[in-house]
There are 2 protein chains.
Amino acid sequence: MAKAVIRDVAEAAGVSTATVSRTLSHPEVVSEKTRRKVMEAAKRLNFQTSRSAMALKQGRSYRIALLINQQLTSWFNASVLMGLNSVLQPAGYDITVYQDIDDAESRRDFFETMPVRGNTDAVIVASFDVERGQIEQLRQNGIPLVGINVPRTEGFDASISIDDVAGMHMAATYLINTGHRRLVYVCSTTIPSMTCSTDLREQGFIRACRENEGSHDLQWQVIHVPRNTEVTNEALSSLLALDEFPDAICCQADMFAVPLLYRLARYGHVAPRDFSMVGFDDGTYAEVMQLTTVRQHPETMGVVAANKVLALINGDHLDHPHETAPIQLMLRGSDSPR
Amino acid sequence: MAKAVIRDVAEAAGVSTATVSRTLSHPEVVSEKTRRKVMEAAKRLNFQTSRSAMALKQGRSYRIALLINQQLTSWFNASVLMGLNSVLQPAGYDITVYQDIDDAESRRDFFETMPVRGNTDAVIVASFDVERGQIEQLRQNGIPLVGINVPRTEGFDASISIDDVAGMHMAATYLINTGHRRLVYVCSTTIPSMTCSTDLREQGFIRACRENEGSHDLQWQVIHVPRNTEVTNEALSSLLALDEFPDAICCQADMFAVPLLYRLARYGHVAPRDFSMVGFDDGTYAEVMQLTTVRQHPETMGVVAANKVLALINGDHLDHPHETAPIQLMLRGSDSPR
DNA sequence: TTGAAAGCGCTACCAG
DNA sequence: CTGGTAGCGCTTTCAA
């Protein structure tokens, strides 16, 4: 039984190919009787419409580009992709992943050699910023641009993002309110030409500290761990080299918090006994490591973004193109009041 | 500047569309002069050939299906996808991910309603087994089937897998040889109708123990943690309920080992002081948690599999269709001789 | 409610 | 080495 095409179904059902096509995509406009005949024949022949033919005819590509910085294997990126896939794939779209767009150059590369001309129905950007000129290129092609956790919504047709600043502000304020007075924030160095949403979290931490240093005898500092190094080791040594060990550590991401929790214990700094630890993400292992952290849900953001994409491709109007996704502080076992 | 099509380029370059097409796909058969003209025009107009048209014409789809059990966010699956993507995407292929194929039913679902007829040029299966009849379906359509860490190579056109049994056998033997006498293996329960490559690891552990129980006074047991439960908690309580705490714990995957290492320490069982811990995978956090583990490299397997897929689609003959990927025991800080 | 037919953009065959 | 052209499988007017 070779691959059945629409004509095979038409012949088997004794109708025209036009009717078969209609039955499959607009079943309500064909008669009950015809519909049954066609459906039966299609099922019997195991017919699947060819996406390529459909795409060509409709002037679409049924492909969507996803731009991520860093690796696909990171918790955030994999979660986003999973969410996107769960709605886009059933809708007939494939996702083309462009990863490691983590400097201005590779980003420019993408937008220049862009397979977008005729090969992408929408572009989704996760977690980083895009330049104005690059947005224009898409605009001219009429291709929707949707952001997930983008630092600025300007230029995007739609977006769904958490408030990174507010999230870390909440975490730091919580620590201060529960009696912590020596706070350290651990994060990676930023890339100048590339604003990434996670970089914003530092502002939240700093703001919370500034707001409280009047009323309390607060000490705080930020430790920047260079990228592309053995980050845990770097953070660990910086922390252990401090004159006085902090009573609270805020991490830019669980990725820092999880190993530090374990490694610091080896050096006698046990959380929550000796200090409190708060992460950000609520990613893999956060729960089983009993890490108090700020939860975001990238998979859901992927789902939301995918639906926006579908609507935009469809030409629908979005009442609220830009949404803020909820975050919450998950109180677990890595902190305790001082 | 609207989307340029091949005719635009042809006109701009003063040649026929046939020549443009040839220049782009078989540059060696057109004259130097023509080639330059065409290339220049294509670049100037920012021309990108339409994958859909190309696919339709060539009777391909330029899409490849990836079947995974569980979630896309698991370390193994995300790594495989990353590897596949790194070669398939530049080759013009999109990857359609079908996840959660984790029981016989969803697998049957896939193979029946398969978008494969005309919409997939190859099927890649990661980590689980496929039934004979389902393989036949693909065979009839002439669609290559490639496996990554599949329990049996039978029926697959090509595969790249590690030897799970040998890997865990190596880990257990290592522990026995370094003086451990009370071994526990922690793994999740198997799904009857669904042989998964990681399930094979148990055999390696058991075999190693059996081989050595004559010469040593060995105690060993296997703890099966039910799926879909809070696995760390289950494993933890089982371990702590043991009459005598083991001097070595082998985990089916780092996913078990990483949190257990941390949680057990909270109960006074500190590795490597009180017991040795060995994992499997060398996934996220293994290194920073100083976990001794069996390393596999799914990303590389993805790359290898992708190249096999490309060759098979191309009709090339594979000298060694089935390959075994290397594994190695990474000695780190979670174990010590007894 | 259905059918005939044009044509999406490209490739590859065949002529020249 | 280059051009003309058929046709991949489908959708969608337009007519009936």
Side-chain angles (χ1 to χ4, degrees), chain A residues 2-39 41-42 45-63 92 115-121 141 314, chain B residues 2-39 41-42 45-63 92 115-121 141-142 314-315:
Chain A
K3 191 176 59 180
V5 298
I6 203 169
R7 204 185 308 110
D8 302 327
V9 179
E11 282 168 12
V15 296
S16 71
T17 60
T19 300
V20 173
S21 176
R22 250 179 255 129
T23 308
L24 265 23
S25 39
H26 311 287
E28 68 281 2
V29 304
V30 300
S31 77
E32 171 74 37
K33 212 182 71 190
T34 310
R35 196 189 322 159
R36 259 209 301 273
K37 271 192 312 189
V38 172
M39 291 300 201
L45 297 178
N46 216 320
F47 173 74
Q48 294 283 135
T49 76
S50 153
R51 266 181 209 311
S52 302
M54 193 171 143
L56 183 57
K57 180 62 195 172
Q58 302 188 143
R60 293 185 184 182
S61 67
Y62 286 98
R63 292 167 206 262
V116 154
R117 307 200 157 245
N119 286 314
T120 302
D121 297 339
N141 287 286
N314 210 25
Chain B
K3 191 176 60 181
V5 297
I6 204 170
R7 203 184 308 110
D8 301 328
V9 180
E11 283 168 13
V15 296
S16 71
T17 60
T19 299
V20 174
S21 176
R22 256 182 313 237
T23 308
L24 265 22
S25 37
H26 311 286
E28 68 282 2
V29 304
V30 299
S31 76
E32 171 73 36
K33 213 180 71 189
T34 309
R35 196 189 321 160
R36 259 209 301 273
K37 270 192 311 188
V38 173
M39 291 299 202
L45 297 178
N46 215 321
F47 173 75
Q48 294 282 135
T49 77
S50 153
R51 263 179 212 313
S52 301
M54 191 172 146
L56 184 58
K57 179 63 195 173
Q58 304 188 348
R60 294 185 184 182
S61 67
Y62 286 99
R63 292 167 207 260
V116 155
R117 306 198 158 246
N119 287 313
T120 302
D121 298 339
N141 287 287
N314 211 23

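Letters A, B, ... are given to chains in the order of the sequence lines, protein chains preceding strands, and every chain is numbered from 1.
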To the nearest Å, how far apart are [X] [atom1] and [N] [atom2]?
X	N	atom1	atom2	answer
B/Arg7	C/dC10	CZ	P	9 Å
B/Arg60	C/dC10	CZ	C1'	14 Å
A/Tyr62	D/dG9	OH	P	18 Å
B/Arg51	C/dC8	CZ	C1'	17 Å
A/Gln48	D/dT11	CD	P	12 Å
B/Lys57	D/dG9	NZ	P	10 Å

*With nearest nucleotides of DNA chain D determined for B/Val29 and B/Ala53 from heavy-atom distances, which residue corresponds to the more 5′ nucleotide?*
B/Val29
*Might you point out which heavy atoms bring B/Phe47 and B/Ala4 nearest each other, and give the distance in Å?*
CD1-O, 3.3 Å
*Would you give the length of the straight line joining atom CD1 of B/Ile6 to atom OG1 of B/Thr23, rounded to the nearest 0.5 angstrom?*
9.0 Å
*About how many Å separate NZ of B/Lys57 and OG of A/Ser52, when rounded to the nearest 0.5 Å?*
13.5 Å
Closest nucleotide among [options] to the [X] side chain:
X	options	result
B/Ser16	C/dA4, D/dG3, C/dT1	D/dG3
B/Leu56	D/dT11, D/dG3, C/dG9	C/dG9
B/Thr34	C/dT11, C/dG9, D/dT2	D/dT2

Think [X] has a side-chain N or O under 4.0 angstrom from the OP1 or OP2 of [N]?
X	N	result
B/Ser50	C/dG9	no
A/Thr17	D/dT11	no
A/Gln58	C/dC8	no
A/Thr19	C/dG3	yes

*asked:* Tell me whether A/Asp121 contacts the main-chain N or O of A/Arg60 through its side chain, where contact means a donor paired with an acceptor under 3.5 Å.
replied: no
*May I ask you to decide whether A/Arg7 forms a salt bridge with A/Glu11, counting only side-chain N to carboxylate O separations under 4.0 Å?*
no
*Less than 3.5 Å between a donor and an acceptor, one on the side chain of A/Arg22 and one on the base of C/dG3, is that the case here?*
yes
*So what does A/Val20 hit on the nucleic acid, given a heavy-atom distance under 4.0 Å: a base, only sugar-phosphate, or nothing?*
nothing
*For A/Ser21, report the nucleic acid contact type (base, sugar-phosphate, nothing); a contact means any heavy atom under 4.0 Å.*
base
